[in-house]
Amino acid sequence: MQPRSRAVLSASALAHNLRELSTRAGVPLLLPVKADAYGHGLAQVIQATRELPEVWGYAVAMPLEAAELAALHPDKPVLLLTPAAPDEMQELSDLGVLLQVGTQEEVDALPGAARVHLKVDTGMNRLGARPEEALRLGRVLAERGQLAGIYTHLASADDPDLSSARRQLEQFAHVQTQFPDVLAHAANGAGVLSFGRLPGMSLARPGLASYGYAPEHLQDVLPLRPVMTLHARVGAVHTVYAGEQVSYGGLWTAPHDTRAATVQLGYADGYPRSATGQAQVWVQGERRAVLGRICMDQFMLDVTGLDVHAGDWLEVWGEHSVHPREVAAWGGLAEYELLTGVGRRVQRVLDSTG
Ligand SMILES: *Cc1c(COP(=O)(O)O)cnc(C)c1O
């Protein structure tokens, strides 16, 4: 059976973004590939980036993702960004995964061979040790030869007012300078775009920016390209007569006879139901309106006057049609949500040529 929708990833757009970000940060990247590489497909993103010199390694959020990634033999380091449970540490460490630690309990549970990145909480208040405690844990880990890196996470680098991010970086520097021989990283994508080179850092962790998106006020910093183009197939084309309604709730009434294409993509595939009433799709060089409520598996599209047939493929979003940023805005979503919401029925395809 053939899929009815495809997320095509441009290897060249991804390589371009990574080059731009790494150059701006002045360091190689620890590429976040959590949540199936921000919805782009873990295996495809690894394939596209495994040979790139800009990518030092990969970061994941969940132990299951770390195991999945290790099975792809990325030939590059993998860092788990959240705590492993004590009974998972040995297996992860055997797989070569770098563990994150931020508490004494985690340090106590570490297998002897585990290598770790120490997480410093400088204000995100999510994970990690406060700076004074981090200094203490770092010394213990360094003595045991287990400390491979030290890092923090910025809570507000996407805020035009960078004062809180700067405070976080100062706190981090206070700890980091005590461990000059291990890897250090702090910047997410917004951090790279906002700050560029940061003293003392050896890596950066841009996620969303690597896949082509910047916060609005930072959009001119680098020419990032959206990596994903989403395509969906037309299932049928039919006429809706003047005065008739379309889809659940009859939200849209045809003002005149209308040709409607039923497209085989719905909110279960990540096309946001909340974009109902605003969504548009690029068809043969024109923007055409989505008609009525977006359904779980399908939506209807006005193709009046166009040459559209069952079986045709349409570009639902992408670099050269409707920017995914716009679709996210119609749905009241962050780009993070739109991309990670792309469903399992959507086939991920790596385009190595484009
Ligand atoms: C997700 C994540 C990142 C990447 O953040 P972006 O905003 O996508 O650049 C970096 N570091 C940590 C710890 C994360 O959880």
Side-chain angles (χ1 to χ4, degrees), residues 14 17-18 20-22 24-25 27-40 42 45 49 54-66 69 77-84 97-102 116-129 134 149-160 162 164-165 168-169 172 176 183-196 198 201-219 221-222 224 226-228 324-325 328 333-342:
L14 184 56
N17 296 340
L18 296 170
E20 293 280 341
L21 287 158
S22 176
R24 178 159 175 85
V27 290
L29 307 178
L30 176 50
L31 177 64
V33 292
K34 55 193 180 181
D36 204 24
Y38 286 55
H40 291 65
L42 180 65
V45 167
T49 57
E54 292 85 2
V55 178
W56 175 85
Y58 300 102
V60 291
M62 302 292 171
L64 272 175
E65 295 177 323
L69 177 47
V78 175
L79 174 65
L80 177 61
L81 295 169
T82 65
V97 174
L98 294 159
L99 303 179
Q100 86 111 40
V101 293
V116 306
H117 283 210
L118 174 63
K119 180 73 174 280
V120 188
D121 186 359
T122 55
M124 175 80 176
N125 266 312
R126 185 168 71 176
L127 287 173
I150 176 164
Y151 77 111
T152 193
H153 191 44
L154 303 177
S156 303
D158 58 347
D159 193 324
L162 290 170
S164 100
Q168 284 196 266
L169 290 168
F172 182 64
Q176 186 266 323
L183 297 169
H185 43 107
N188 54 1
V192 172
L193 294 169
S194 297
F195 293 110
L198 285 168
M201 299 297 168
S202 27
L203 298 168
R205 306 186 308 272
L208 192 65
S210 300
Y211 301 101
Y213 307 84
E216 196 163 352
H217 69 287
L218 297 172
Q219 269 166 22
V221 177
L222 293 178
L224 299 174
V227 170
M228 183 194 293
R325 186 190 301 130
L333 301 175
E335 288 133 358
Y336 294 95
E337 296 170 283
L338 183 77
L339 296 165
T340 59
V342 173

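When a ligand or atom number is given, it counts from 1 through the structure's own listing order.
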A.B. asks: Going by heavy atoms, is Ala190 under 4.0 Å from ligand 1?
C.D. replies: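 In this structure, Ala190 fails to qualify as a contact of ligand 1 - no heavy atom is under 4.0 Å.
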
A.B. asks: Over all heavy atoms of both residues, which pair between Val45 and Leu31 is shortest? Give the atoms and the distance, please.
C.D. replies: CG1-CD2, 4.1 Å

A.B. asks: Under 4.0 Å from a heavy atom of Tyr38: give me the atoms of ligand 1 that qualify, with their elements.
C.D. replies: 1 (C), 4 (C), 5 (O), 6 (P), 8 (O)

A.B. asks: Against Glu20, only a single residue in Val221, Leu193, Val192, Leu222 fulfils side chain to side chain contact (heavy atoms under 4.5 Å, CB included); can you say which?
C.D. replies: Leu222

A.B. asks: What closest approach, in Å, do Pro215 and Asp158 show between heavy atoms, and which atom pair accounts for it?
C.D. replies: CG-CB, 3.8 Å

A.B. asks: Below 3.5 angstrom, do we get any N/O pair linking Pro206 and ligand 1?
C.D. replies: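 No.
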
A.B. asks: Could you list which atoms of ligand 1 come closer than 4.0 Å to a heavy atom of Gly189?
C.D. replies: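 Those qualifying, in numeric order: 9 (O).
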
A.B. asks: Sequence neighbours left out, what passes ring-ring contact (aromatic ring centres under 6.0 Å, His included) with His40? Give chain and number order.
C.D. replies: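 If we apply the ring-ring contact (aromatic ring centres under 6.0 Å, His included) test to His40, skipping adjacent residues, the hits are Tyr211.
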
A.B. asks: Under 3.5 Å between some N or O of ligand 1 and some N or O of Tyr151?
C.D. replies: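 It does not: no N or O of Tyr151 is found under 3.5 Å from an N or O of ligand 1.
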
A.B. asks: Side chains of Tyr58 and Thr49: is there a donor and an acceptor less than 3.5 Å apart?
C.D. replies: yes

A.B. asks: Which atoms of ligand 1 are found less than 4.0 Å from any heavy atom of Pro32?
C.D. replies: 4 (C)

A.B. asks: Do you know which two heavy atoms are closest between Ala35 and Thr340, and how far apart they sit?
C.D. replies: CB-CG2, 4.0 Å

A.B. asks: Kindly give the heavy-atom pair with the smallest separation between Leu208 and Glu335, and that separation in Å.
C.D. replies: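 Where Leu208 meets Glu335 most closely, the heavy atoms are CD2-OE1, 3.8 Å.
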
A.B. asks: Taking only heavy atoms of Leu208 into account, list the atoms of ligand 1 that are under 4.0 Å away from them.
C.D. replies: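 Under 4.0 Å from Leu208, ligand 1 has these atoms: 6 (P), 8 (O), 9 (O).
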
A.B. asks: Where is the nearest protein heavy atom to atom 7 (O) of ligand 1: which residue, which atom, and how far?
C.D. replies: Tyr336 OH, 2.5 Å

A.B. asks: Examine ligand 1 and decide if any of its atoms is less than 4.0 Å from a heavy atom belonging to Arg126.
C.D. replies: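 It does; at least one heavy atom falls under 4.0 Å.
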
A.B. asks: Would you please classify the geometry between the His185 ring and the His117 ring as parallel, tilted or perpendicular, with 30° and 60° separating the classes?
C.D. replies: tilted

A.B. asks: Pick, from Lys34, Arg205, Met124, the option with the minimum heavy-atom distance to atom 11 (N) of ligand 1.
C.D. replies: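 The nearest heavy atom belongs to Arg205.
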
A.B. asks: Among all the protein's non-hydrogen atoms, which is closest to atom 12 (C) of ligand 1, and how far away is it?
C.D. replies: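 Answer for atom 12 (C) of ligand 1: His153 CE1, 3.4 Å.
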
